[in-house]
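Reading through the structure tokens given below for one structure.
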Protein chains: 2
Amino acid sequence: MDKPATNIETIAKTCIAGRLRLINRVVSNIYDDALRPFGLKISQGNILIFTGKLGVASPVQICEHLQLDASTLSRNVELMRKNGWLEEVPTDDARSRPFRLTEAGKRLVESAIPAWEKAQAEAKELLGDDFVSLLNKAAKRASESNRA
Amino acid sequence: MDKPATNIETIAKTCIAGRLRLINRVVSNIYDDALRPFGLKISQGNILIFTGKLGVASPVQICEHLQLDASTLSRNVELMRKNGWLEEVPTDDARSRPFRLTEAGKRLVESAIPAWEKAQAEAKELLGDDFVSLLNKAAKRASESNRA
DNA sequence: CGCCTTTATTTGTATATACAACTAATAAAG
DNA sequence: CTTTATTAGTTGTATATACAAATAAAGGCG
């Protein structure tokens, strides 16, 4: 046993991506279930939240913060624009297409907060406090990683 | 300040789902990059790994282990079957459609192990040892959660 | 000013994901 | 043994995601 050969068993038991993806599915489903009455999914919710925080957001800003591919965001924003939750903001740089929450978008976010709280509590209960505590640091590192 | 009103700032800073999704994107990209030379994505890789572990796997088994929707798995298995990595196994219960790795599937998994190891090391480095240590427990809980 | 590079976004294409509805087959009830 | 309920998968539809390529507008340089 000089070299501990990595085998299928080992990967099945230790793969970080596999575990993360599994947890991500379960947790995203918790939030999606809670937000369904509002016609909102957590994927879009997080974009709305960050947009609200920024006031006026450019796609490139959101993509950096959330580590989203630009093409992914583009389509997601388009859907939320059609839903009346986001609106474009005029700008001098014609390459950029910044946007902000509409009034309807703000009302949506406000009204969904109790559902978010419920999902958040359920997720915390499921994953355990210690894990959740470490999420912040890990997410910060991931958010700042520059692998492009 | 009787009731600490949850506001947009709070959600932006604390949403478990948002953080998990972000980490999941970054980490999945690490593995997908590493596995790209093999025409394999980590989403499929994990299904192959679990199939290999089980020997013969039924869709419902994989879905339970990985907390995947049956329709998701169905399409994913179909792709890997077309790629020659999975093959159907005859069964007496005509409702079930179990499958196993083909020889090519086994070879693929074996050949991709060094790339997986590289990605695994990179992910560990990025997320931190303490976080990775807690992943096991959290994933186990998520895997056993029964929210259907 | 005109060319070249960089930056910001969109479009084409493919996989991942889930929900709802459907099909088919076994199991359970009577 | 027939009817009903349960179980296993697939298909329709919609969003999420990323990569590659295309578009378009600034910015920099000679």
Side-chain angles (χ1 to χ4, degrees), chain A residues 17-18 20-37 39-48 57-64 66-83 85 88-89 91-99 147-148, chain B residues 17-18 20-37 39-48 57-64 66-83 85 88-89 91-99 147-148:
Chain A
L20 269 177
R21 294 178 66 84
L22 191 162
I23 295 171
N24 184 54
R25 281 190 293 272
V26 172
V27 170
S28 288
N29 286 344
I30 292 174
Y31 287 75
D32 283 348
D33 288 350
L35 297 175
R36 189 160 299 125
L40 183 63
K41 300 189 72 178
I42 190 60
S43 45
Q44 303 188 341
N46 277 304
I47 295 171
L48 293 181
S58 69
V60 82
Q61 268 180 312
I62 300 282
C63 286
E64 274 171 17
L66 298 182
Q67 293 274 302
L68 268 170
D69 189 83
S71 63
T72 300
L73 184 71
S74 178
R75 276 141 177 152
N76 220 328
V77 166
E78 176 61 13
L79 286 172
M80 292 190 282
R81 208 191 47 69
K82 279 184 183 160
N83 276 335
W85 301 333
E88 291 200 23
V89 176
T91 179
D92 46 342
D93 186 337
R95 287 171 304 182
S96 187
R97 298 185 60 185
F99 51 84
R147 314 185 343 98
Chain B
L20 269 177
R21 294 177 65 84
L22 190 162
I23 294 171
N24 184 54
R25 281 190 293 271
V26 173
V27 170
S28 287
N29 287 344
I30 291 174
Y31 286 76
D32 283 348
D33 288 351
L35 297 175
R36 190 160 297 126
L40 183 63
K41 300 189 71 179
I42 190 60
S43 45
Q44 302 188 342
N46 278 304
I47 295 171
L48 293 180
S58 69
V60 81
Q61 269 180 312
I62 299 282
C63 287
E64 274 171 16
L66 299 183
Q67 293 273 301
L68 267 170
D69 189 85
S71 64
T72 301
L73 185 71
S74 178
R75 277 142 176 151
N76 220 329
V77 166
E78 176 61 13
L79 286 172
M80 292 190 281
R81 207 192 48 69
K82 278 184 184 163
N83 276 336
W85 301 334
E88 291 201 23
V89 177
T91 178
D92 47 342
D93 186 338
R95 288 172 301 181
S96 187
R97 299 184 60 184
F99 50 84
R147 315 185 342 99

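In the text below, chain A, chain B and the rest are named by the order of the sequence lines, each starting its count at 1.
Between the CD atom of B:Q61 and the C1' atom of D:dT7 there is a distance of 14 Å, given to the nearest Å. To the nearest angstrom, P of D:dT10 lies 8 Å from CD of B:E78. Spacing between atom OH of B:Y31 and atom P of D:dA18 amounts to 17 Å, rounded to whole angstrom units. In this structure, the CG atom of A:D92 is 14 Å from the C1' atom of C:dT7, given to the nearest Å. Counting to the nearest Å, the C1' atom of D:dT17 and the NZ atom of A:K41 are 12 Å from each other. When the P atom of D:dG12 is taken as reference, atom CG of B:D69 falls 16 Å away, rounded to whole Å. Between the CZ atom of B:R81 and the P atom of D:dG9 there is a distance of 15 Å, given to the nearest Å. Regarding B:K82, its NZ atom lies at a distance of 13 Å from the C1' atom of D:dT10, rounded to whole Å.
Each of A:R95 and A:S43 has a nearest nucleotide on DNA chain D; the 5'-most of these lies closest to A:S43.
A:D32 comes within 4.0 angstrom of nothing in the nucleic acid, heavy atoms only. Within 4.0 Å (heavy atoms only), B:L68 reaches sugar-phosphate atoms of the nucleic acid but no base atom. Residue contacts shown for A:L79 are limited to sugar-phosphate atoms, with no base heavy atom under 4.0 Å away. Base contact: A:A70 has a heavy atom under 4.0 Å from a base atom.
Judged by distance alone, the side chains of A:T91 and A:D93 never bring a donor and an acceptor atom under 3.5 Å apart.
Checking the phosphate oxygens (OP1, OP2) of D:dG9, a side-chain nitrogen or oxygen of B:S96 falls inside 4.0 Å. The phosphate of D:dT10 has OP1 or OP2 within less than 4.0 Å of a side-chain N or O from B:R97. Side-chain nitrogen and oxygen atoms of B:T72 include at least one within less than 4.0 Å of the OP1 or OP2 phosphate oxygen of C:dA18. For C:dC19, one of the phosphate oxygens OP1 or OP2 lies less than 4.0 angstrom from a side-chain nitrogen or oxygen of A:R36. For D:dA16, the OP1/OP2 oxygens have no side-chain nitrogen or oxygen of A:R75 closer than 4.0 Å. Taking 4.0 angstrom as the limit, A:R21 places a side-chain polar atom (N or O) nearer than this to OP1 or OP2 of C:dT17. The side chain of B:Q44 contributes an N or O atom lying less than 4.0 Å from OP1 or OP2 of C:dA16. Not one side-chain nitrogen or oxygen of B:R25 sits closer than 4.0 Å to the OP1 or OP2 atom of D:dA16. Here B:N76 does not reach the OP1 or OP2 of C:dT15: none of its side-chain N or O atoms lies under 4.0 Å away. For D:dT10, the OP1/OP2 oxygens have no side-chain nitrogen or oxygen of B:S71 closer than 4.0 Å.
Residues B:A17 and A:I42 come closest through the heavy atom pair CB-CG1, 3.7 Å. Considering every non-hydrogen atom in both B:G39 and B:W85, the closest pair reads O-CH2, 3.4 Å.
When both pairing distances are held under 3.5 Å, C:dA8 makes a Watson-Crick or G-U pair with D:dT23.
Looking at A:R25, its side chain never comes within 3.5 Å of a backbone N or O of B:D69 through a donor-acceptor pair. Looking at B:Q44, its side chain never comes within 3.5 Å of a backbone N or O of B:K41 through a donor-acceptor pair.
Side-chain atoms of B:D33 lie closest to D:dC19 of the nucleotides C:dT26, D:dC19, D:dA8. When the nucleotides C:dT10, C:dT9, D:dT15 are ranked by their closest atom to the side chain of A:P59, C:dT9 comes out on top. Listed nucleotides: D:dT10, C:dT26, D:dA18. Nearest to the side chain of B:N29: D:dA18.
At a threshold of 4.0 Å, the pair A:R75-A:E78 does not count as salt-bridged, since none of the basic side-chain nitrogens sits closer than that to a carboxylate oxygen.
A side chain to side chain contact (heavy atoms under 4.5 Å, CB included) with A:Q67 is found for exactly one of B:I23, B:N29, B:V26, namely B:V26.
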